[in-house]
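Chain identifiers are assigned alphabetically (A, B, ...) following the order of the sequence lines, protein sequences preceding nucleic acid strands; residue numbering begins at 1 within each chain.
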Amino acid sequence: MCGRYTLRTELKLLAELYGFQPISLPWTPRYNIAPTQLVAAVRLSADASSRELDMLRWGLAPSWAKEIPKGRPMINARADTVAEKPTFRAAFKRRRCLILADGFYEWHQDEETKEPYYIRMRDERPFAMAGLWEHWDKGPQPLESATIITTAPNELMAKFHHRMPVILDPDLADVWLDPGIEEPEELLPLLKPYPEEQMEAYVVSARVNHVKDDSPQCIEPWKDGKAERTFDW
DNA sequence: CCAGACGTTGTT
DNA sequence: GTCTGG
DNA sequence: CCAGACGTTGTT
DNA sequence: GTCTGG
């Protein structure tokens, strides 16, 4: 779940909304961010005085790993076990981040079909997903990587999956980034399903299936004959 | 003591 | 089927 | 997450 | 690195 998403909001607007220091980096709207690619992550500066935006590899590589894990990257971490699992525990305590997005894709599967849907906020605002990051230094090239935390789905998301990404409103995001907080009892309550009333889902074309297709058409409502389908079923 | 795993999703 | 690449 | 490859020897 | 299994 949550294995593809979008970030097409202007960098300047993201900086205003999430309060990170202005930076200049190559910025293009993304309509199809896939595992192993770079994700935009908000972290606190070393002295915790300000927020910074960095691009991290999606798929967490534990610091102790001899090699960057091949095969299925660790793109998600379960909220219910993240405080205990050796792979995530240390990052959960000290290396939390916000992964910025403005929509994501889920595939709805039945007997015959598997159709991608685009899920976003009804007001189309960007949002922050709860993430963890890690620094890996066991090879010639050091790597900073990240993973997105998942939780139980709200009713809308349950139509697709039994998990959904943790989305943090600004107040909770502040807590999530606070380096003074390390106790699971304080952090785990943040990792709840997001209110479904604020979200919407509509079917899109199969373009998104192809990682190389990073075009605006990925999020265009897909017309099935006449009516575009949303969730009225 | 050392060796080997360390994850999620979905599927069985 | 399973693994790798994006 | 999905798509695409999945192999060797020998020759160019 | 840390935990589990043997």
Practice item. Report yes if some heavy atom in the side chain of A:T6 is under 4.5 Å from a heavy atom in the side chain of A:N32; otherwise report no. Key: no
**Study point:** For E:dG6, the Watson-Crick or wobble partner whose two distances fall under 3.5 Å
**Key:** B:dC1
Check your understanding: Any side-chain heavy atom of A:L132 within less than 4.5 Å of one from A:V82?
Key -> yes
Point to revise | Separation between the C1' atoms of B:dG4 and D:dG10, rounded to whole Å | key: 41 Å
Check your understanding: Given the C1' atoms of B:dC6 and C:dG5, what is the spacing between them in whole Å?
Key -> 23 Å
Review point. Does A:R96 make a cation-pi contact with A:W133 (under 6.0 Å, within 45 degrees of the axis)?
Key: no
Point to revise | Rounded C1' spacing from B:dT8 to D:dC2 in Å | key: 16 Å
Practice item. Please find out if less than 6.0 Å separates the ring center of A:W222 from that of A:Y118. Key: no
Review point. Between which nucleotides of DNA chain E, read 5' to 3', does contact with chain A run, using atoms under 4.0 Å from its heavy atoms?
Key: E:dG1 to E:dC3
Provide a list of protein-nucleic acid N or O atom pairs under 3.5 angstrom, restricted to nucleotides 3-8 of chain B.
residue, atom, partner, partner atom, Å
B:dC6, O3', A:T87, OG1, 2.8
B:dG7, OP1, A:P86, N, 3.4
B:dG7, N2, A:R72, O, 3.1
B:dT8, OP1, A:R78, N, 3.1
B:dT8, OP1, A:T81, OG1, 3.4

Review point. When rounded to the nearest Å, what value does the distance between P atoms of B:dA5 and C:dC3 take?
Key: 14 Å
Review point. Contact class for A:P35 (heavy atom, under 4.0 Å): base, sugar-phosphate, or nothing?
Key: base
**Study point:** Ring centres under 6.0 angstrom apart (A:F160, A:Y117)
**Key:** yes
